[in-house]
Number of protein chains: 2
Amino acid sequence: MSAAPSPRAARSRDGIPDATVARLPVYLRALLAYSERGTATVSSEELAAAAGVNSAKLRKDLSYLGSYGTRGVGYDVAYLVYQISRELGLTQDWACVIVGVGSLGHALANYGGFSSRGFRIVALVDADPARVGVTLAGVVVNPIEDLESIIAARAVTIGVIATPGLAAQEVCDRLVAAGVTSILNFAPVVLSVPDGVDVRKVDLSVELQILAFHAQRRSLREAEPATAKSRRAPAMVGGVTP
Amino acid sequence: MSAAPSPRAARSRDGIPDATVARLPVYLRALLAYSERGTATVSSEELAAAAGVNSAKLRKDLSYLGSYGTRGVGYDVAYLVYQISRELGLTQDWACVIVGVGSLGHALANYGGFSSRGFRIVALVDADPARVGVTLAGVVVNPIEDLESIIAARAVTIGVIATPGLAAQEVCDRLVAAGVTSILNFAPVVLSVPDGVDVRKVDLSVELQILAFHAQRRSLREAEPATAKSRRAPAMVGGVTP
DNA sequence: AAGCACTTGTGAACGCGCGAACAAACTCGG
DNA sequence: CCGAGTTTGTTCGCGCGTTCACAAGTGCTT
Ligand SMILES: NC(=O)c1ccc[n+]([C@@H]2O[C@H](COP(=O)([O-])OP(=O)(O)OC[C@H]3O[C@@H](n4cnc5c(N)ncnc54)[C@H](O)[C@@H]3O)[C@@H](O)[C@H]2O)c1
Ligand SMILES: NC(=O)c1ccc[n+]([C@@H]2O[C@H](COP(=O)([O-])OP(=O)(O)OC[C@H]3O[C@@H](n4cnc5c(N)ncnc54)[C@H](O)[C@@H]3O)[C@@H](O)[C@H]2O)c1
């Protein structure tokens, strides 16, 4: 192979930065709120405030999609909703399967906001025979043995793993082998998948521990105001200005 | 104005980057798995693989805590577990309250991994009188009116919001007013809080939409492998850059 | 005791995302 | 038709996080 000067294998995306993609859904939700309220146009300042981000960041994010705003006016709410939806792939439907219908799986299956947009739960799967046959939100729970045939028959593209951690990797492998390339994982394990498969993790425990870290830090700072130097202020010790 | 030459040697414990803090819980989980398996020491390479990160990143992350490794050997599992736990504030207990005991609140209350580490659910609160009085995982559901008194009496420091989006901001305000400075939010809204309050959001819908974006992109790429032309072709009607 | 194999800790380069500032573009009122 | 006011799109500098690469330290073997 040619000795490429920049051997970056992961630069598969020519366009939108990941950080921007992660914010687009937030913008979309804010826009839908404006839409329901009957607002026709919004400025970047307003929308940024609603989304909790900097307005310059918002404008730059939106500029990746194209020039959909009007200078001196703002953005047309309905049009921007459509453009973001299209870019995120929400104009088509996505068939999802939930594997593991325990406490969390039940909550997910019953969650209205799940299927409100293009995401449709077309199948529920569990290994426990006692759970098979139960109907949840209009969908019946199937045995885990039928996973592959269900994925093929219903053209499932998104797999949601809500099993215990021990079973997660095996379930993941079966999902991938059956052709699923997008996986949302609730189990507290690091899944290993081949290239071309996208995994996102939702980890309660991690979030709590991050909160605990900052909380402990706050309490420590309050307890010792003697060494109180706001950590934002640079030390500037011995800084001699010329 | 040039910055100080190298003032970084002194602040070994003062500033752990956020990105590092977010990974420490993952390391901790991997270490606990090693511990249960009876492994005494691990190398950065092994631990990094188990945590799904680069080994250099892992070493740098751990170096923020101190020099707890041994060259030529690796890290002592038990010792590192203790050090990370201490840094994250897991050596003390954290009292949590869950506000909103619906589908998701039920799952959270029953979740074992929640209270396994230092996090203890000391109270459940809901506005629906029909839910008040029910006992979940050994904790009785209290009316929302008692929120402030419960927080004060049980020294609650972490608030978990699992109410519908419409009620989230109000619940958040009450939590903050009652002295809670760490909030985990499951409602699909952007919470506004004063400085000094830490909010983390867990947003299912956002995760799914990010998955959908990449999935759509993959399918588009597969469909058109020949035209390497990024669809960055804007209208450019008469637009001529000088 | 000395060499060897192995691993940590970190210096330095690099790429990327963030935020401020500004010019271009549009509306509206006169 | 023009000017004032408004808002977008973009450019630029900066700081942070990631990664490579390597010197320094450790245990084992001979
Ligand atoms: N409940 C929560 O609030 C919560 C929060 C965060 C994370 N999690 C994680 O989510 C996962 C599920 O949690 P839960 O509380 O619903 O647990 P659960 O035990 O209530 O449910 C797990 C379900 O998975 C099924 N299952 C087990 N092995 C399976 C397999 N190989 N194939 C298919 N199904 C299988 C079980 O039959 C059970 O119905 C766990 O990994 C947990 O750590 C749960
Ligand atoms: N269920 C899921 O899987 C899921 C997934 C992602 C996000 N969410 C979000 O989590 C939140 C809860 O979801 P859910 O499915 O449990 O909804 P739910 O309707 O089942 O439960 C909401 C609970 O909150 C209580 N509540 C309402 N207003 C309240 C108030 N002011 N104070 C205290 N309690 C109040 C209600 O009585 C109810 O018990 C929602 O914002 C939802 O969007 C849920």
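Residue numbering restarts at 1 for every chain, and letters A, B, ... go by the order of the sequence lines.
- Taking atom CG of Asp76(B) as the reference point, atom C1' of dT8(C) lies 15 Å away to the nearest angstrom.
- Legend: residues meeting side chain to side chain donor-acceptor pair (under 3.5 Å) with Arg120(B), ordered by chain and number and at least two apart, are Asp93(B).
- To the nearest angstrom, P of dG19(C) lies 13 Å from CD of Glu45(A).
- Sorted by first and then second residue, the salt bridge (charged side-chain N to carboxylate O under 4.0 Å, His left out) pairs with a member in residues 161-180 of chain B read Glu148(B)-Arg174(B); sequence neighbours excluded.
- Applying the side chain to side chain donor-acceptor pair (under 3.5 Å) test to Asn54(B) and every residue at least two apart in sequence or in another chain returns nothing.
- Following rounding to the nearest Å, Asp18(A) (CG) and dC18(C) (C1') show an atom-to-atom distance of 16 Å.
- Scanning for salt bridge (charged side-chain N to carboxylate O under 4.0 Å, His left out) contacts around Arg117(A) gives an empty result, with sequence neighbours left out.
- Residues passing the ring-ring contact (aromatic ring centres under 6.0 Å, His included) test with Tyr82(A), sequence neighbours excluded: none.
- The shortest distance between side-chain heavy atoms of Phe186(A) and Ile98(A) does not fall below 4.5 Å.
- Here dT8(C) presents its C1' atom at 13 Å from CG of Leu47(B), a figure rounded to the nearest Å.
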Show the distances under 3.5 angstrom between N or O atoms of the protein and N or O atoms of nucleotides 1-7 of chain D.
unit_1: dT7(D); atom_1: O4'; unit_2: Gly72(A); atom_2: N; d: 3.1

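- Distance, Leu62(B) CG to dT10(C) P: 12 Å, rounded to whole Å.
- Taking atom CG of residue Leu58(A) and atom P of nucleotide dT10(D), one finds them 14 Å apart after rounding to whole Å.
- Listed by chain and residue number, Tyr68(A), Tyr79(A), Arg86(A) satisfy the side chain to side chain donor-acceptor pair (under 3.5 Å) test with Gln83(A) (two or more places apart in sequence, or in another chain).
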Could you run down the sub-3.5 Å N/O contacts of the protein with nucleotides 18-22 of chain D?
unit_1: dT18(D); atom_1: OP1; unit_2: Arg23(B); atom_2: NH1; d: 2.9
unit_1: dT18(D); atom_1: OP2; unit_2: Arg23(B); atom_2: NH1; d: 3.3
unit_1: dT18(D); atom_1: OP2; unit_2: Arg23(B); atom_2: NH2; d: 2.8
unit_1: dT19(D); atom_1: OP2; unit_2: Lys57(B); atom_2: NZ; d: 3.4
unit_1: dT19(D); atom_1: O4; unit_2: Lys60(B); atom_2: NZ; d: 2.9
unit_1: dC20(D); atom_1: OP2; unit_2: Asn54(B); atom_2: ND2; d: 3.3
unit_1: dA21(D); atom_1: N6; unit_2: Arg59(B); atom_2: NH2; d: 3.3

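- Rounded to 10 degrees, the angle separating the terminal helix axes of the helix from dA1(C)-dT30(D) to dG30(C)-dC1(D), each built from five base pairs, is 0°.
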For side-chain contact (heavy atoms from CB on, under 4.5 Å), just list the numbers for Gln209(A) and Trp94(B), CA-CA rounded to whole Å, side-chain angles, deciding distance to a tenth of an Å, and then say yes or no. CA-CA 10 Å; Gln209(A) 290 173 47; Trp94(B) 297 96; over 6 Å; no

Only pairs under 3.5 Å count here: list side-chain donor-acceptor contacts from residues 193-201 of chain A, not counting sequence neighbours, and write none if there are none.
unit_1: Asp198(A); atom_1: OD2; unit_2: His214(B); atom_2: ND1; d: 3.1
unit_1: Arg200(A); atom_1: NE; unit_2: Glu207(B); atom_2: OE1; d: 2.4
unit_1: Arg200(A); atom_1: NH2; unit_2: Glu207(B); atom_2: OE1; d: 3.2

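- Screening residues 22-48 of chain A for salt bridge (charged side-chain N to carboxylate O under 4.0 Å, His left out), with sequence neighbours left out, gives Arg23(A)-Asp61(A), Arg29(A)-Asp203(B).
- With sequence neighbours left out, the side chain to side chain donor-acceptor pair (under 3.5 Å) criterion links Ser182(B) to Arg218(A).
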